[in-house]
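Proteins get letters first, then strands, A, B, ... in listed order; numbering begins at 1 in each.
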Amino acid sequence: MGSFNTNSVHGPVINPFRSGDNGTESSEAPRSAGGSSGGSAAAVAADLCYAALGTDTGGSIRLPASYCGVVGLKPSYGLVSRWGVVSYADSLDCVGVIAKSVDRVRNVFDVICRFDNKDPTSIPQDVRDSSNSQAERSLDLWSGLSHGRFDGIRIGVPQEYFPAEMDSSLRTQFHKTLEKLKDRGAVLVPVSLPSTRYALSAYYVLASAEASSNLARYDGVRFGTYQKPPPGTDLSNTSAVYAQSRSKGFGPEVRKRILLGTYALTADAFDNYYLQAQRIRHAIKQDFDGIFRSPNVLLKNPTPPSTDGVDVLLHPTAISSAPKLGDAMQQGIDGYVQDVLTTPASLAGLPSVSVPWCTAADGWPVGMSVVGQWGNDQVVLRVSELMEAL
Amino acid sequence: MYRRLCVLRTEVSKRSYASTSTSYHDKWPGWETVIGIEVHAQIKSRRKLFSESLNSTDELPNTHVSLFDAAFPGTLPRLNKYCVDLALRTALALNATIQPKSAFDRKHYFYRDLPSGYQITQNYAPLATGGFLDLEKAQKRVRLKQIQLEQDTAKSTYAEHLAATQIDLNRAGVGLMEIVSQPDMRSPEEAAAYVRTLQALLRSVGASDGNMEQGSLRCDVNVSVNRIGEQFGTRCEVKNLNSIKAIQVAIIKYSPAASEVYRHIDLIERGLSVAQETRGFDEERAETFKLRSKEDAPDYRYMPDPNLPPLLVSETHVDKVRQTMPELPAALSARLQKDYGLTEPQAEVLMSVDSGVNIGYDGEVAPPGAVPYFEEVARGRNPKVVVNWITQELLAQLSRQDEPFSANPIPPQALGELIDLLQAGEITGTSAKTLIRHIFNSPPSTEPFSSMSKLVDELGLRATSSDLQSLCEKAIELLPQEAELVRKGNEKVLMKIVGQVMKLSKGTADGKAARALLQEMLKAES
């Protein structure tokens, strides 16, 4: 867990971008690779593999992809099986792909994207077929486009995705990119997703609550670290026995989230935290459903396709480039702010790709996120490919 | 005079609480006990509720455990539809309202018998609500609150010699139906009748074996006491009751000092309040004891299980379950009496053999039980004759050998043939019993039993009416003194000669005919 990938028992992951040529050490201070799939992103960025898998719960694939300058895909929730994935937050966890190009990411994704009976949240084939046929329509339309053109592609620019914390140089670059897209025929549509500002809080309440539940099984009895209780412990008190192993086996960040998540589920706090967060989550989903051209096939009565709607949304993946490791390890609450742009898509279960976009003032990479309606992963990948070539 | 009688009655009733014939009025004059029961019944499915592991009874510990049951990371639940269908049968049998949409929640607490640190249950939206169970003898209807699906925990046993607790995960994740009653019962007898009736019903639809000794049925009893006419008193819960007797005893007990009712009455009479508590039951001392108070009651932090989508049950599916489920006891008993003219006790006997219909795992009908057997034999025959042969001979043989009905070696066609031979006079009643006994005592053969007629001839049991004359003559010859007595008018001795005829004929002779013939022969001579 953790947006900077500094909490692992193996130590922090070092961002390989600019780590020096020919393996020599760079004179620059080392930077975070982003997290929590920072290891996968770093391996890909360092050319150690063709592609890597990761899991994205609140931005854990997209953020490292952005920091390391590679492509990262978080698919629509339910498309890739979670059987075998160590659960963090079941309703948010997505298995995704990291590689150096969109083409490579697509190659791997096409193989792993299938129904799995062993995962109760795996979306059935008929629903996949339904969303696929929606996506086909757009892809067919765009197959005739000349190289580098975006004619007819409706791109939404979400107003709420430019928080005060964002690097000002990124705002300027974003405007430049929008101009370029407009020149190449893209239709830019400003959209509003009013519930966005509550997304980060809602995410942390829900993810922590689910984590406190999913991590309750780590007691050292059947697997994992077992810490023998000190003499004098009342062995008939289960909690007293389990607390030994759990305190030893979990790192400080995980312990913090478990405690907060446990609190959010207590009878006193449940309504104000957990239930409230669920309401926000629902509002966020409705915000997205209101702006996309494609209907959400998961709904019992999906709204009919709208001509005003957009095909995808576009926004910077992160508020800045990769922070220095020294700063990252000092993080307090600021560490959580890194997820502010990625969490809405997680809460809504939407497909999102981060493609390398530009460099910040310090020369380090920043990615651009392309977000689509549920099930439109191929559309998102296609647009990402076009962005890649921009 | 009247006062003395009252005192006497109270003393007598205090001593006689253990008898089931006294009503609650006598036990606690002026007081009312209010009892509600939560039953946890293991679902008789082949596999567990959310994993592929097999359900087991007497297996070696930790041999039916999947990664999911042991809560290994990376595992996910998959709902077993047979569990749902068996729970739906239960809901239908209990007249409950099946919810078209129900949901699964996680109930969190840390305990050694809970590997994942939470139990998957249905707290907010159970499978069925309402319903009722009619208690025949008590003439009482007990209303139900709800029926829900949930996981069973592992079994933990304290091993003295190791000073450690041993955990058996075979039971972890087994499907349970929790059946919650309203506090409608008013006496330990009603509580016992409720549990017995529920057990019979669960067995009859194949939803559960409902066996308390084996652990497939467990009860938590809620008791409160109030003066008649006043509102309900504070409720206490008694957990881990393993037999119907324990239930009754926990409610009223062996020694006046510790039972729930007396404890409550004592507190109330002393002007003290009854603390809301959860209590356990000490079998050895036959007492309840405090497990935890209301303040210590844990906060289970219920959270909807994000892995399990809502359970949707359509009307069509419920109808299918209704059509394919076995007949309910009341309906079955009524039908046997109406269609076949059986008496209620006869119907009851047939239905009570191995729970009557003999349902296997996942609600499948296993080798037919006594009722379908009866129905097949009774086709085209006199049902009253058939039922007598089954209950008095067949079942007697089975119980003598301590075998279940499935071990019955006589196929229905064979028994039918036997009865036909008997009715036609080809064999005597005694011979028929001999035949049955012979088949039961023969070593089991791999070939299915073929012809009863053939066996009759093999054993030489074919009724010999033509030889009756010579047999009687022979018998008279062998017993001259007795014959003389009969000639002189002594009827009683006649039976001895008849006995001789039977002996000579190896039981194949018709006793009545022999008697008549002997009478004729002997009277004629006089």
| task | Provide the full list of salt bridge (charged side-chain N to carboxylate O under 4.0 Å, His left out) pairs with a residue in residues 221-238 of chain A, sequence neighbours left out, each pair given once. | result |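 Listed once each, the pairs are A:Asp219-A:Arg222.
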| query | For the residue pair B:Gly117 and A:Ala216, what are the closest heavy atoms and their distance? | reply | CA-CB, 3.9 Å
For [X], does the [atom1] atom sit with more than 12 other heavy atoms under 6.0 Å from it, leaving out its own atoms?
X: B:Lys107; atom1: NZ; result: yes
X: B:Tyr109; atom1: OH; result: yes
X: B:Phe50; atom1: CZ; result: yes

| said: Can you tell me which portion of B:Leu67 sits under 4.5 Å from chain A's heavy atoms? Options are side chain, backbone, both or neither. | reply: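 Contact with chain A: none, neither part.
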| query | Side chain, backbone, both or neither: which part of B:Tyr302 has a non-hydrogen atom closer than 4.5 Å to chain A? | reply | backbone
Option in [options] with maximal non-hydrogen atom pairs under 4.5 Å from chain B:
options: A:Asp119, A:Leu265, A:Thr266; answer: A:Leu265
options: A:Ser91, A:Pro120, A:Ala89; answer: A:Pro120
options: A:Ser239, A:Gly84, A:Ala269, A:Ser212; answer: A:Gly84

| said: Applying side-chain hydrogen bond (donor to acceptor under 3.5 Å, both in side chains) as the test, list every pair that has at least one member in residues 64-84 of chain B; sequence neighbours left out. | reply: B:Lys48-B:Asp69, B:Ser51-B:Asp69, B:Ser53-B:Ser66, B:Ser53-B:Asp69, B:Ser66-B:Asp69
| task | Examine distances only and state if a side-chain atom of B:Asp299 and a backbone atom of A:Ala267 form a donor-acceptor pair shorter than 3.5 Å. | result | yes
| Are any side-chain N or O atoms of B:Arg301 and backbone N or O atoms of A:Phe270, one a donor and one an acceptor, separated by less than 3.5 Å? |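 Answer holds: no.
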How long is the straight-line distance from [atom2] of [Y] back to [atom1] of [X], given to the nearest 0.5 Å?
X: A:Asn214; Y: B:Arg106; atom1: CG; atom2: CZ; value: 5.0 Å
X: B:Met303; Y: A:Leu275; atom1: CE; atom2: CG; value: 12.0 Å
X: A:Ser213; Y: B:Asn307; atom1: OG; atom2: CG; value: 9.0 Å

| field | Ring geometry between B:Phe72 and A:Phe223 (parallel below 30°, tilted from 30 to 60°, perpendicular above 60°) | value | tilted
Any side-chain heavy-atom pair from [X] and [Y] closer than 4.5 angstrom?
X: A:Tyr274; Y: B:Pro304; answer: yes
X: A:Arg217; Y: B:Tyr118; answer: yes
X: A:Asp90; Y: B:Leu76; answer: yes

| For A:Val221, is it the side chain, the backbone, both, or neither that has a heavy atom closer than 4.5 Å to a heavy atom of chain B? | neither
